[in-house]
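These notes are about the structure you will find just below.
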Amino acid sequence: MSQRYNVKETEAKWQAAWRDASCFAAADDPDKPKYYVLEMFPYPSGRIHMGHVRNYTMGDVVARYKRARGFNVLHPMGWDAFGLPAENAAMEKGVHPAKWTYENIAVMRGQLQGMGLSLDWDREIATCHPDYYRHEQVLFLDFLEQELAYRKESWVNWDPVDQTVLANEQVIDGRGWRSGAPVERRKLAQWFFRITAYSESLLERLEDMPRWPEKVRLMQANWIGRSEGAEIDFPVIGDDRKLKVFTTRPDTLFGASFCALSPHHPMSAQIAAGDPEAAAFIAECHPLGTSEEVIATAEKRGYDTGLKVRHPLVEDLELPLYIANFVLMDYGTGAIFGCPAHDQRDLDFANRYGLGVIPVILPEGADATSFRIEDEAFVGDGVAINSEFLDGLGVEDAKRRVIARLEELGSGNGVVQFRLRDWGISRQRYWGCPIPVIHCADCGTVPVPRETLPVLLPDDVTFDKPGNPLDHHPSWKQVACPSCGKAALRDTDTMDTFVDSSWYFARFCSPRSDAPIARAAVDYWLPVDQYIGGIEHAVLHLLYSRFFIRAMRDCGHLAIDEPFAGLFTQGMVCHRTYQDAEGRWLTPTDVRPVGDGGFETLEGQPVTLGRVEKMSKSKKNTVDPAAIIEEYGADTARWFMLSDSPPDRDLEWTDEGIAGAYRFVQRLWRQVVEALDHLPERGAGAPGANSARALALRRSAHGALRSVGEDIDQFRFNRAVARIHELSNEIAGFGAPEAADEGSALREACEILVHLMNPMMPHLAEELWQQLGHETMLVQEAWPQADEALTAQALITLPIQVNGKKRATIDVEADAPEDRIREEALAHPNVVRAMEGKSPRNVIVVPKRIINVVV
RNA sequence: GCCCGCUUGGCGGAACUGGUAGACGCACGGGACUUAAAAUCCCGAGGCCCGGAAGGGCCGUCCCGGUUCGAGUCCGGGAGCGGGCACCA
C-alpha cells in the first residue's frame, strides 16, 4: 500500500505545527541547564546559498539533539544587515539601501523557515534596525568613557575615485576593488577601539579554550604576535635627542653597524624639514603601501641622514643613521638598529651601502677565527663572541645579561611587543551605524547626549555622486553643540560592520531590552555553548568579539571573559566547474552529461570540466538551495549536507548525492510505514527478547542509539548518518516478525530509528512518529536511553595473527578465560598451518581485541 | 621566507587511546519484478595469483627508514597538495 511520501505537504504541515505550538521559543529558566547554539548570522544578500544550508543544518542538528537531551536551548537567528552591497544596489538600481535590505531579509527569512530550523524567531534582530544600532551607540559611548575608544590621525587606503577609505582586504594589487584606481595613502582622523589593551589576555586565554579548533587558536596567536625584546636608546651625536629602537635580539647589540628610521618616523620628518634630499627620499617611499607585489620585489633602500648615533655600550662607537624604506612605523618604535651578521634584511642593506658586518653569534661547531658572513645572515642559536661581557653566553643568557646592563645604565629596558594594532572602525559610508559624536570648534569632540540617542540615519540621501552620502546631506550633520550650543557638526562616519557582529550574540539573550543587554538574561545564557561558522572569520570577527566581551565586561555590562565556549568551523560547499570553448564559465544548469563522464552545453557544444571549487558567482558553479528544497524537500537537503564529508572538511555538491539522499528519505518512510502492518499496538508489552532474532535487532537498535548520540556530541555527523543507514539496513533485513517478542522488538527499533533521524530530518521523523501512533510531537520527546546490557556484546569475533599476519578468526564469549582462548587459537587449522610445525615462542592475548602467535 | 594542516579503493569517507584496513554512502556490474522503462528489492566488488568450488596465498593506507609481538595510527627523513602570515627588527 505504501504510497510515496509527500514531502511538500508534510514539511509545510509540521513547520506550521511547530510554529503554532511555539516549540522553539526559549525562556530564561535558571532551574534548567541551558544550551546556547548559534550559527554565524547571515548577511542579507538576497537569497540563501549552500554555505548557509550547511551551516544552519549543523546548528539545527545540535539544537534539536540538545533539546531532546533535556537542555533549555537558545537557538536564535538575525541579520548582519549593514554593509556596502546595499549602497552598491542603491547606486546601480536606484533602490534605497533600507528597502533593498529589508526585502532581502523577507525573502531569506522565508527560505530559512522552509528548512525547518528549530529557531526562536521571536528573537530575530537586524543590525540595521534602530532598535539594534541605538544600543551599539550606547556601547560606543561607554567605550569612549573608559578610553577604550579614541580618535587619532592614521594612514589609510584612500580610493581617489570613490572618495572613500578602503579596508586592506578591498585593495587588490594596489588598486581599489570597485574603481580600479591606484590607492593612495592618506592621513585621516579615525576612530579606534583599543583592542591592544587586551593583547596579553586575548593571547593567554587561547591556551584555555579546549573546544576551539587548534588552527583558529594558532591563527589568532600569530595575529596577536607577541614578541619579547628590548627598547634601547641611542643618543644622537651633537644634540640631546635620543633614538629609541626596538629589537628582539638585544644579544646582537655589539654587532650593530647602523641605525635606521622609518620614513614615517617623526624624526624623519624633522630631518626632511631641513634636507630636501631626505624629503624626496621619503616621498619616494610613500607608494610602498600594502601591495604584496611591491613588497616582495622592493629593494632595501636607504638615505644617509649624515647624523650619527652613539652605541650605548661601546664607548666612542658612532653609527650612521639612515632613513630606510623597509622599516615600518607601526611596529615597535619605528626605528631599528641594524646587525647585518644576524638579520638578512640588515645584511642586504649593509652590503648595498658598504656598512660593517661583525659576527657576534658563533654557530655551534664553527671556528671563531675563520667564521665569516657573506650573503647569508646567521639567524640561529650559538654562542656570543666579539661582545665583551657577553662572550661565551648562549643567545637567551646573553639577552638577559645585556638587558640587565642596559637597565642599570638607564639606556634601555626589556619590553614585550605585539603585532596586534588598534581597530580602526571609521568608515566613510552611509549604510552603517552612525558614530554618536559631534565636533565643535570650541569644545572639540563631544559625545552625543545619551538621552537623545539614537542618532538615526537620515532616509533622504542620494547616491548620485561619489563619497559619503551622510556628508553630502544638506542638513543632517548640522547640529548645535550639546556642550556650548553653538553650531557644530556631526561625525559623518559610520562604524565598521564588524562592530555590529561583535555583540549580536549578547543581544540575542534579551533582544527587546531597553538597555544593550539585560543582565539576568546574559548571565543565564552566555557564553555561547556552541558557535558554528566559516573558517574565514578565524581572526577578524572572532577576535573582535572576544575584544568586545572584555570591553563590555569592563564597562559593567556582563561578567564573562569569553563569548564562545565552543567553536566549530565548517568546510566549504564545492562544485565542479564548467567552461565552454571560449573559456567562459557555465552554470550547472547550462550543461548536461554525455555518456562517459563528459559534458556538453544544452546546444551540444563541447564543455571543459574544471576543478572542484568553492561555489561562487564568479565561477558560476552555484546551486540554488531554494530550487533543491522545492524539488526534494528540506529533509533531503539537510541529510545530504550531513552525509559523507566530515563537517569541518569541504563538501562536494553532486546531483547523484542529492538524489541518493532523496531515495533514502523515501526508503525510511516506506520502511516504517510497511512495518506498521506488523507492529503491536503502542505499549502492548515491554520489548522482551526471547528469540535470537529479536535480541539481535534490539542490540543493533541500542548500539545505534548509543553511537549516534556520541557522534552528534562530537560533531561527527557523517558517522551518525552511517549508523542510521546501518540500523535501517538491519530493520530491512529483519523482515516480518514471527512472534510477539519480535513484534515489540521491531516497534522498538523503528521508534529508535525515528528518534535518531529527528535532529537531521525533523519533518520525516515527526510524520513517522505520528504514524507510529503517538499523539505527542516528537520535538517534545526526550532522547531515549540506550540499554547498556544490550550494547555490550556477548559473543565476539577475535582475529588470530601468526607473526603479525592475520590467519584466522574465532568466535568466543566476551568473558572467556585467556587460557581457553589461547588453546582454541593454537588449535585452529589455519594457525597450525601457518606455524609450519614450529612451537610458539610467545602468545599475546589482548582481551577482546586480538591474539598474536609468535613463532 | 615563516607557521600550520592534509595525503586510505573509481569517488566521499570509516577504523575511539597502536590490535580484523576499506564501515556507510555514491558511482559501477549481475540478477529479480515489469510487455518495457522508471521506481523498488537481492547479490557482487582494493589489486594480483592458485582453485571447478569451498577455500587459500601474495601485495596494499604518498615514498624511504625506525620503534613494536603487531603501525593507516608512534618516531626520523623526504615528496606532493592545501591554508594562514609575511620588509614585524
Side-chain angles (χ1 to χ4, degrees), chain A residues 2 4 213-216 218-223 225 227 229 245-250 252 260 262 288 292 294-296 298-300 324-328 330-339 342-346 348-349 379 417-421 535-536 538-539 597 612 640 643-646 648-652 654-661 663-664 666-667 670 707 710-711 714 716 718-729 732-733 797-809 830 833-834 840-855:
Chain A
S2 69
R4 244 166 131 73
E214 177 69 33
K215 183 186 170 75
V216 174
L218 207 93
M219 281 168 68
Q220 291 209 356
N222 288 340
W223 188 267
S227 49
V245 307
F246 172 75
T247 179
T248 55
R249 294 294 303 273
T252 64
S262 164
L288 271 185
E292 287 179 29
V294 176
I295 289 167
E299 281 183 278
K300 308 284 176 283
N325 64 348
F326 66 95
V327 181
L328 304 174
D330 38 13
Y331 185 77
T333 61
I336 60 160
F337 79 78
C339 175
H342 305 289
D343 182 286
Q344 191 59 46
R345 290 158 307 180
D346 296 350
D348 294 344
F349 191 81
V379 296
Q417 269 290 335
F418 292 92
R419 207 188 76 109
L420 184 66
R421 294 177 214 146
I535 187 78
E536 66 272 19
V539 175
V612 174
F640 176 67
S643 306
D644 291 352
S645 289
D648 52 343
R649 285 201 218 165
D650 290 351
L651 166 77
E652 186 189 348
T654 60
D655 292 345
E656 293 80 10
I658 192 72
R663 279 200 302 273
F664 189 61
Q666 294 291 346
R667 176 188 144 114
R670 246 186 347 263
S707 45
E710 289 170 1
D711 289 338
Q714 295 169 58
R716 298 195 292 204
N718 56 322
R719 269 181 28 149
V721 163
R723 298 287 94 86
I724 290 171
H725 271 287
E726 279 171 347
L727 180 57
S728 166
N729 289 344
T797 304
L798 288 182
I800 309 167
Q801 297 182 333
V802 178
N803 288 336
K805 279 186 198 290
K806 189 181 84 169
R807 296 298 177 184
T809 60
N830 290 5
R833 176 154 33 88
R841 283 196 289 140
N842 194 4
V843 180
I844 292 146
V845 179
V846 183
K848 299 185 184 176
R849 287 282 187 202
I850 203 168
I851 302 132
N852 194 7
V853 181
V854 187
V855 295

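Source: prediction; values computed, not measured. Letters A, B, ... mirror the listed sequences (proteins, then strands); counts begin at 1. Excluded from the calculations below are hydrogen atoms, water molecules and symmetry mates; all remaining heavy atoms, backbone and side chain alike, are included.
- Regarding contacts with the backbone of C2(B), every side-chain N or O of R419(A) stays at 4.0 angstrom or more from both OP1 and OP2.
- Nearest to the side-chain atoms of I850(A) among the listed nucleotides G19(B), A14(B), A89(B) stands G19(B).
- The phosphate of G70(B) has neither OP1 nor OP2 within less than 4.0 Å of any side-chain N or O from N803(A).
- In terms of phosphate contacts, R807(A) brings a side-chain nitrogen or oxygen within less than 4.0 Å of OP1 or OP2 of G57(B).
- In the set G57(B), A15(B), C69(B), the nucleotide with an atom closest to the side chain of I844(A) is C69(B).
- The residues R421(A) and D330(A) are annotated as salt-bridged, a charged nitrogen and a carboxylate oxygen being separated by less than 4.0 angstrom.
- For U34(B), there is no paired nucleotide, since no Watson-Crick or G-U wobble pair has both relevant distances below 3.5 Å.
- Of all the heavy atoms in S643(A) and L651(A), the pair that sits closest is O-CD1, 4.3 Å.
- Picking from C3(B), G12(B), C87(B) the nucleotide with the shortest atom distance to the side chain of F326(A) gives C87(B).
- Nucleotide A54(B) is matched to nothing when pairs are restricted to Watson-Crick or G-U wobble geometry with both distances under 3.5 angstrom.
- Look at the C1' atom in both G51(B) and G56(B): the space between them is 9 Å, to the nearest Å.
- If you check A71(B) for Watson-Crick or wobble pairing at under 3.5 angstrom, you find it has no partner at all.
- Nucleotide C88(B) holds its P atom 10 Å from the CG atom of D346(A), rounded to whole Å.
- Using Watson-Crick or G-U wobble geometry with both donor-acceptor distances under 3.5 Å, A89(B) finds no partner in any strand shown.
- When both distances must be under 3.5 Å, the Watson-Crick or G-U wobble mate of G18(B) does not exist.
- As the counterpart of G82(B), C4(B) is assigned, both hydrogen-bonding distances of the Watson-Crick or G-U wobble pattern falling under 3.5 Å.
- Minimum atom distance to the side chain of N729(A) is reached by C24(B), of the listed C24(B), C3(B), C41(B).
- Between the side chain of N803(A) and the backbone N or O of V855(A), at least one donor-acceptor pair lies under 3.5 Å.
- For R667(A) and C41(B), the shortest distance from a side-chain N or O to OP1 or OP2 is below 4.0 Å.
- The phosphate of C26(B) has OP1 or OP2 within less than 4.0 Å of a side-chain N or O from R663(A).
- In G9(B) the base sits syn relative to the sugar, since the glycosidic angle is no further than 90° from 0.
- Below the 3.5 angstrom threshold, one finds no donor paired with an acceptor across the side chain of R345(A) and the base of C88(B).
- Toward the 5′ end of RNA chain B lies the nearest nucleotide of S645(A), the other residue of the pair S645(A) and R249(A) mapping further downstream.
- Contact between the side-chain N/O atoms of K805(A) and the OP1/OP2 oxygens of C59(B) is found at a separation under 4.0 Å.
- Across G25(B), C3(B), A23(B), the shortest atom-to-atom separation from the side chain of L218(A) is found for C3(B).
- The partner of U61(B), taking Watson-Crick or G-U wobble pairs whose two distances both stay under 3.5 Å, does not exist in any strand shown.
- Between N718(A) and C24(B) there is no side-chain polar atom (N or O) within less than 4.0 angstrom of OP1 or OP2.
- Applying the 4.0 Å criterion to OP1 and OP2 of G13(B), one finds that R649(A) has a side-chain N or O inside that range.
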